[in-house]
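Worksheet: one structure, shown below.
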Amino acid sequence: MALHSRHPRFTIALLVLIFISVLLFANSEPDDLLFGQVGFHRSAGRYLAESLRIEEEQYQKMLDQRQDLIKKWGPTADKIDPFPSHGEYYTLWDFFLPSFKCPHRVERVGVMGDGGKWVCGLERITPKKKCVMYSFGINGESSFEADIMKAAPGCEAYGYDFSVNSFGPEIELVSDLKHRSHFFPYALGPKDAFSPIDDPKMYTLRTLMERNGHDFIDVLKIDIEGNEFDSFEVFIDSFHGEPLPFGQLQLEVHVYSGSEWQDFPKFLKWWEKLEEAGLRPFFSEPNLVYVNLVRGVRPDLIEYSFINIRGSHELVSNHPSRRSRISQ
């Protein structure tokens with residue numbers, strides 16, 4: 001037996017309720033209809049801001065713990081051996097933990113093993129009609145860049161590496177990705193040196209952004225075998241305390257034996273410059289492939305992923321502001 005035959009009163013009441021709902025909907029103002037959506041976005045914005053605030057509080061506590069660890073093993077920074085070999089229970093990386101939680105989904109992008117990187121909030125970038133990725137250090141493997149571009153159809157990749165002639169096959173052999181990629185055999189450095197006699201030609205990151213007409217980089221990847229320190233320090237200094245123009249950074253840090261950067265106070269000062277600029281590490285991954293290939297070496301190499309908590313961009317705001325063109 002049909003429902004309306006068994007329960008006629010219920011059926012009539014349901015039809016009346018539907019009719020009234022249709023009348024109310026038809027006579028509602030657009031602002032009334034959007035109220036729920038606006039309220040949701042406002043709540044989401046408050047949630048994001050509160051998440052970032054809480055994470056920053058926790059990060060500041062970690063900074064105090066860092067000082068405690070220095071006192072324990074130093075007791076001053078100049079007494080810290082970055083990779084001790086006399087029974088001490090720490091390495092350099094224990095002083096620089098990825099203690100900031102990305103407020104969005106965190107996922108590993110690219111090939112498993114050496115080459116893949118940890119990314120924050122890729123889902124916030126993929127809907128953009130235009131997004132920009134810079135990649136320094138290609139070395140014939142471009143799975144990370146390719147997977148970002150596949151996920152974000154509006155994204156273009158700019159690659160720089162003077163030791164190779166192109167992106168890896170992950171991009172070069174896929175026509176759509178190759179069309180959205182731009183490769184240059186240049187080095188990233190702390191100064192510009194691109195005269196006819198300079199080989200390889202070197203550019204600062206800021207100069208490259210100006211040449212390309214970019215005011216913001218959504219994903220910045222740097223893996224340049226120890227040259228990251230001076231190059232990135234100059235880039236930070238060039239903004240004189242203003243927010244850095246990128247959303248996140250995937251950086252492999254190289255502290256080779258004999259390098260000036262194994263001096264703990266020097267490394268600490270460099271790292272604190274990143275923190276002062278608003279960079280917060282949300283993930284780290286020691287390069288164990290390097291340790292396995294070169295038996296007997298220290299764990300000198302480590303991948304860090306940073307979120308930039310300053311400025312107004314997709315990872316820290318639901319309503320990113322427009323940006324002005326970079327100029328010196």
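Residue numbers start at 1 and run along the sequence shown.
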| Please walk me through it: do Leu208 and Glu210 pass side chain to side chain contact (heavy atoms under 4.5 Å, CB included)? | CA-CA 5 Å; Leu208 290 173; Glu210 291 171 351; over 6 Å; no
| query | Stepwise, does the side chain to side chain contact (heavy atoms under 4.5 Å, CB included) test hold for Thr204 with Ser231? | reply | CA-CA 7 Å; Thr204 67; Ser231 300; over 6 Å; no
Sequence neighbours excluded, which residues qualify as ring pair (Phe, Tyr, Trp, His ring centres under 6.0 Å) partners of [X]?
| X | value |
| --- | --- |
| His254 | Tyr256 |
| Phe184 | Tyr160, Tyr186 |
| Tyr158 | Tyr134, His182, His214 |

Does the side chain of [X] reach to within under 4.5 Å of the side chain of [Y], using non-hydrogen atoms?
| X | Y | result |
| --- | --- | --- |
| Ile171 | Phe183 | no |
| Pro190 | Met202 | yes |
| Phe100 | Leu52 | yes |

| Should the ring pair Phe229 and Phe267 be called parallel, tilted or perpendicular, given that the plane angle runs from 0 to 90° and is split at 30 and 60? | perpendicular
Crowding at [atom1], [X] (>12 non-hydrogen neighbours, <6.0 Å):
| X | atom1 | result |
| --- | --- | --- |
| Lys191 | NZ | no |
| Asn165 | CG | no |
| Leu293 | CG | yes |
| Lys101 | NZ | no |

May I ask you to say whether [X] pairs ionically with [Y], meaning some side-chain N is under 4.0 Å from a carboxylate O?
| X | Y | value |
| --- | --- | --- |
| Glu156 | Arg180 | no |
| Glu276 | Lys273 | no |
| Arg280 | Glu56 | yes |

| field | Under 4.5 Å side-chain linkage, directly or through intermediates, the cluster mates of Leu173 | value | none
| said: Using ring pair (Phe, Tyr, Trp, His ring centres under 6.0 Å), reason through Phe96 and Trp270 one step at a time and then give a plain yes or no. | reply: CA-CA 12 Å; Phe96 307 100; Trp270 177 82; 8.9 Å; no
Out of curiosity, [X] [atom1] to [Y] [atom2], how far, rounded to the nearest 0.5 Å?
| X | Y | atom1 | atom2 | value |
| --- | --- | --- | --- | --- |
| Met133 | Cys155 | CE | SG | 5.0 Å |
| Phe95 | Trp271 | CZ | CH2 | 13.0 Å |
| Ile302 | Leu92 | CD1 | CG | 8.5 Å |
| Lys201 | Phe162 | NZ | CZ | 13.5 Å |
| Glu145 | Lys221 | CD | NZ | 4.0 Å |
| Phe144 | Ser135 | CZ | OG | 7.5 Å |

Same apolar cluster (I L V M F W Y, side chains within < 4.5 Å links), [X]/[Y]:
| X | Y | value |
| --- | --- | --- |
| Leu97 | Ile307 | no |
| Ile217 | Ile309 | yes |
| Phe306 | Leu122 | no |
| Leu249 | Tyr203 | yes |
| Val234 | Ile222 | no |

Within the side chain of [X], is there an N or O that forms a donor-acceptor pair under 3.5 Å with the backbone of [Y]?
| X | Y | answer |
| --- | --- | --- |
| Ser259 | Val255 | no |
| Ser305 | Val119 | no |
| Ser142 | Gly168 | yes |
| Asn308 | Leu244 | yes |
| Asn212 | Met209 | no |
| His319 | Ser312 | no |
| Glu141 | Asn139 | no |

| task | Would you check, one step at a time, whether the test ring pair (Phe, Tyr, Trp, His ring centres under 6.0 Å) holds for Phe216 with Phe246? | result | CA-CA 5 Å; Phe216 189 79; Phe246 61 83; 7.8 Å; no
Taking every non-hydrogen atom, the tightest pair across [X] and [Y]:
| X | Y | answer |
| --- | --- | --- |
| Ser238 | Phe235 | OG-O, 2.7 Å |
| Asp218 | Lys130 | OD2-O, 4.5 Å |
| Leu48 | Ser317 | CD2-N, 3.6 Å |
| Asp161 | Ile138 | OD2-N, 2.7 Å |
| Pro82 | Tyr90 | O-CE1, 4.3 Å |
| Ala193 | Asp198 | C-OD2, 3.1 Å |

In terms of side-chain heavy atoms, does [X] have a donor or acceptor partner in [Y] at a distance below 3.5 Å?
| X | Y | result |
| --- | --- | --- |
| Asn318 | Arg46 | no |
| Gln248 | Gln250 | yes |
| Ser143 | Glu170 | no |

| request: Apply the test side chain to side chain contact (heavy atoms under 4.5 Å, CB included) to residues Glu303 and Leu251: give CA-CA distance (whole Å), side-chain angles for both, the deciding distance (0.1 Å), then the verdict. | output: CA-CA 6 Å; Glu303 299 269 5; Leu251 173 69; over 6 Å; no
| Passes side chain to side chain contact (heavy atoms under 4.5 Å, CB included), Leu220 versus Leu205? Steps please. | CA-CA 10 Å; Leu220 173 59; Leu205 178 51; 3.9 Å; yes
| task | Determine whether the aromatic ring centres of Phe264 and Trp93 lie less than 6.0 Å apart. | result | no
| Close aromatic pair by centroid cut-off 6.0 Å: Phe283 and Tyr304 | no
| task | Establish, yes or no, whether the cationic atom of Arg206 lies under 6.0 Å from the six-membered ring centre of Phe239 and within 45° of the ring axis. | result | yes
| said: Per the salt bridge (charged side-chain N to carboxylate O under 4.0 Å, His left out) rule, what does the pair list look like for residues 61-89, sequence neighbours excluded? | reply: Arg66-Glu275
Side-chain donor-acceptor pairs of residues 105-115 under 3.5 Å, sequence neighbours excluded:
unit_1: Arg105; atom_1: NE; unit_2: Glu107; atom_2: OE2; d: 3.3
unit_1: Arg105; atom_1: NH2; unit_2: Glu107; atom_2: OE2; d: 3.2
unit_1: Arg108; atom_1: NE; unit_2: Glu285; atom_2: OE1; d: 3.1
unit_1: Arg108; atom_1: NH1; unit_2: Val111; atom_2: O; d: 2.8
unit_1: Arg108; atom_1: NH2; unit_2: Gly113; atom_2: O; d: 2.8
unit_1: Arg108; atom_1: NH2; unit_2: Glu285; atom_2: OE2; d: 2.8

